[in-house]
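A short worksheet on the structure shown next.
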Amino acid sequence: MSFFAIFCALLLEQVRPLARDNAIHGWLRAWVRWSSDNFDAGKSLHGWTSWALAVLLPTVVALAVYWMLAQGIGWPAAVLWNVVVLYGTLGFRQFSHHFTEIRNALEAGDELQAREHLAAWQRVDASELPRREIVRHVIEYSVLAAHRHVFGVLAWFAVLAALGLGPAGAVFYRMAEFVSRYWRYRANPQNQPASAALQQVAGVAWTVVDWLPARATALGFAIVGSFEDAIDSWRHHSQQFPSDNDGVILAATSGAVNVRLGGEALKAKPVGNALQPFEAGLQPPQDSASTPGREPELAHLRSVVGLVWRTVVLCLGLLALLTLARLLG
């Protein structure tokens, strides 16, 4: 029933998206903060203990509720629980309003407002960006956000759900991504900062967790875009980006829609004496070499939107076929 749960969750998220400061995310932030405050003592072993507690316990809770509902009430209740969990873990509306605001400003010719929206989204200094660089950064941030909020969640959910583990994969993926970002951007001076060992543990774990989903997303972009160009860019240019997993996605995107990505990174804005807030971005800004392709222009934003939605349809179509085959079998 994975297809029905994903379809319902995406539809519900489009109709009524979660608010930015919702109770679920607030509770998870408090839980992750408590885990690090109480178990992070600066050693690698303590880091893995904090990570396991912060990531695995919510995963086990989601799985336990799924099993209890399936055994006690039946599969309709279990499917409903899948929808609830997916509603809280995936969705375009968690970031798409930033993309829409910047695109609308560019279409109206208001580059100043577009820079302000980009700076507010990623907490970066975008005051001197030319138009094509605004477009480039929006494409890069948006495709990575789509991967982390949608495609990566779908990949882990679908695999573990097929093994009878319900929504455990969705919770596991989102928590692994969340802690790697949160502990890197601990900015509140009133809280004990995360140690270097804990940040390293979270980063290593996230790289492993995201390895296969990143390549699945890149393959999806290649299938629905320009396949040969996407694969060629993936093979020859993914290592130009600072993060291997992100580089695969950005390189495939570059080839799929024939756009130049990579180059000088935007610099993070300091917030008081603290680091950039964890909500702001995906990874610390780092420079990279540029991929081949056309200079970024406004039309590429529409191409990227089409690329992402075609990939969503591809994923849902594959899940629908697998669901049908299982029902008929």
Side-chain angles (χ1 to χ4, degrees), residues 2-11 13-14 86 89-96 99 138-162 169-170 172-174 176-177 206-241 243-259 261-262 282-283 291-293 300-325:
S2 298
F3 168 77
F4 299 104
I6 292 171
F7 181 80
C8 291
L10 286 173
L11 183 61
E13 198 264 346
Q14 289 293 312
L86 287 171
T89 55
L90 68 76
F92 290 104
R93 299 294 290 276
Q94 298 183 31
F95 68 90
S96 62
F99 176 91
V138 171
I139 292 173
E140 293 177 357
Y141 288 132
S142 297
V143 295
L144 292 177
H147 165 67
R148 298 187 180 194
H149 286 277
V150 181
F151 301 120
V153 178
L154 292 182
W156 268 94
F157 171 77
V159 170
L160 294 195
F172 176 73
Y173 180 84
R174 287 298 294 144
E177 188 275 337
W206 169 241
T207 299
V208 174
V209 169
D210 196 41
W211 190 90
L212 185 58
R215 283 145 185 83
T217 298
L219 181 60
F221 286 172
I223 291 173
V224 302
S226 177
F227 185 83
E228 292 184 3
D229 292 336
I231 296 299
D232 181 71
S233 183
W234 176 352
R235 291 175 57 193
H236 294 99
H237 304 290
S238 62
Q239 296 302 320
Q240 296 177 184
F241 296 91
S243 170
D244 180 56
N245 292 337
D246 292 350
V248 167
I249 297 169
L250 293 176
T253 302
S254 173
V257 297
N258 189 25
V259 61
L261 298 179
L282 296 165
Q283 289 290 344
T291 64
H300 282 121
L301 295 183
R302 291 188 288 271
S303 298
V304 167
V305 171
L307 181 77
V308 169
W309 277 111
R310 289 195 302 273
T311 308
V312 171
V313 172
L314 173 67
C315 294
L316 290 177
L318 289 174
L319 283 172
L321 290 175
L322 291 174
T323 300
L324 182 61

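By convention here, the first residue in the shown sequence is residue 1. Source: prediction; values computed, not measured. Values below: every heavy atom of this structure, side chains too, minus hydrogens, waters and symmetry copies.
With values rounded to the nearest 0.5 angstrom, Phe221 atom CZ is found 5.0 Å from Thr311 atom OG1. With rounding to the nearest 0.5 Å, the separation of CD1 in Ile139 from CZ in Phe99 is 7.5 Å. Separation of atoms OG (Ser226) and CD1 (Ile231) is listed at 10.0 Å; rounding is to 0.5 Å. Rounding to the nearest 0.5 angstrom, the gap separating the CG atom in Leu154 from the OG atom in Ser2 is 10.0 Å. The CG atom of Leu90 sits 9.0 Å away from atom CZ of Arg174, with the distance rounded to the nearest 0.5 Å.
The closest side-chain heavy-atom distance from Ile223 to Leu219 is below 4.5 Å. Counting only heavy atoms from C-beta outward, the side chains of Arg148 and Tyr173 approach each other to under 4.5 Å. When side chains are defined from C-beta on, Val153 does not count as touching His149, because their heavy atoms never get closer than 4.5 Å.
Scanning all heavy atoms of the two residues, the minimum distance from Ser254 to Thr291 falls at OG-OG1, 2.7 Å. Scanning both residues, Trp206 and Ala176, for their nearest heavy atoms gives CE3-C, 3.8 Å. Contact record, Asp229 with Gly255: CB-O, 3.3 Å, taken as the closest heavy-atom pair. Annotation for Gly152 and Pro213: closest pair CA-CB, 3.9 Å, computed over non-hydrogen atoms. Across every non-hydrogen atom of Leu86 and Ala9, the tightest pair is CB-CB, 3.5 Å. What you find for Ala256 and Leu307 is that their closest heavy atoms are CB-CD1, 4.0 Å.
At distances below 3.5 Å, at least one donor-acceptor pair connects side-chain atoms of Asn245 with backbone N or O atoms of Thr207. No donor-acceptor distance shorter than 3.5 angstrom exists from the side chain of His237 to the backbone of Ser233, with no hydrogens or angles considered. No donor-acceptor pair closer than 3.5 Å links the side chain of Glu140 to the backbone N or O of Leu261.
For the residue pair Thr217 and His147, a side-chain donor N or O sits within less than 3.5 Å of a side-chain acceptor on the partner.
Ring to ring, Trp156 and Phe151 are not that close: their centroids are 6.0 angstrom or more apart.
A salt bridge is absent between Asp210 and Arg215; no separation between the charged side-chain nitrogens and carboxylate oxygens falls under 4.0 Å.
Shown here are the side chain to side chain donor-acceptor pair (under 3.5 Å) partners of Thr253, two or more places apart in sequence or in another chain: there are none. Partners of Leu319 under the side chain to side chain contact (heavy atoms under 4.5 Å, CB included) rule, at least two apart in sequence or in another chain, are Phe3, Ile6, Ala158.
Every pair tested for salt bridge (charged side-chain N to carboxylate O under 4.0 Å, His left out) that includes a residue from residues 305-319 fails, sequence neighbours excluded, so the list is empty.
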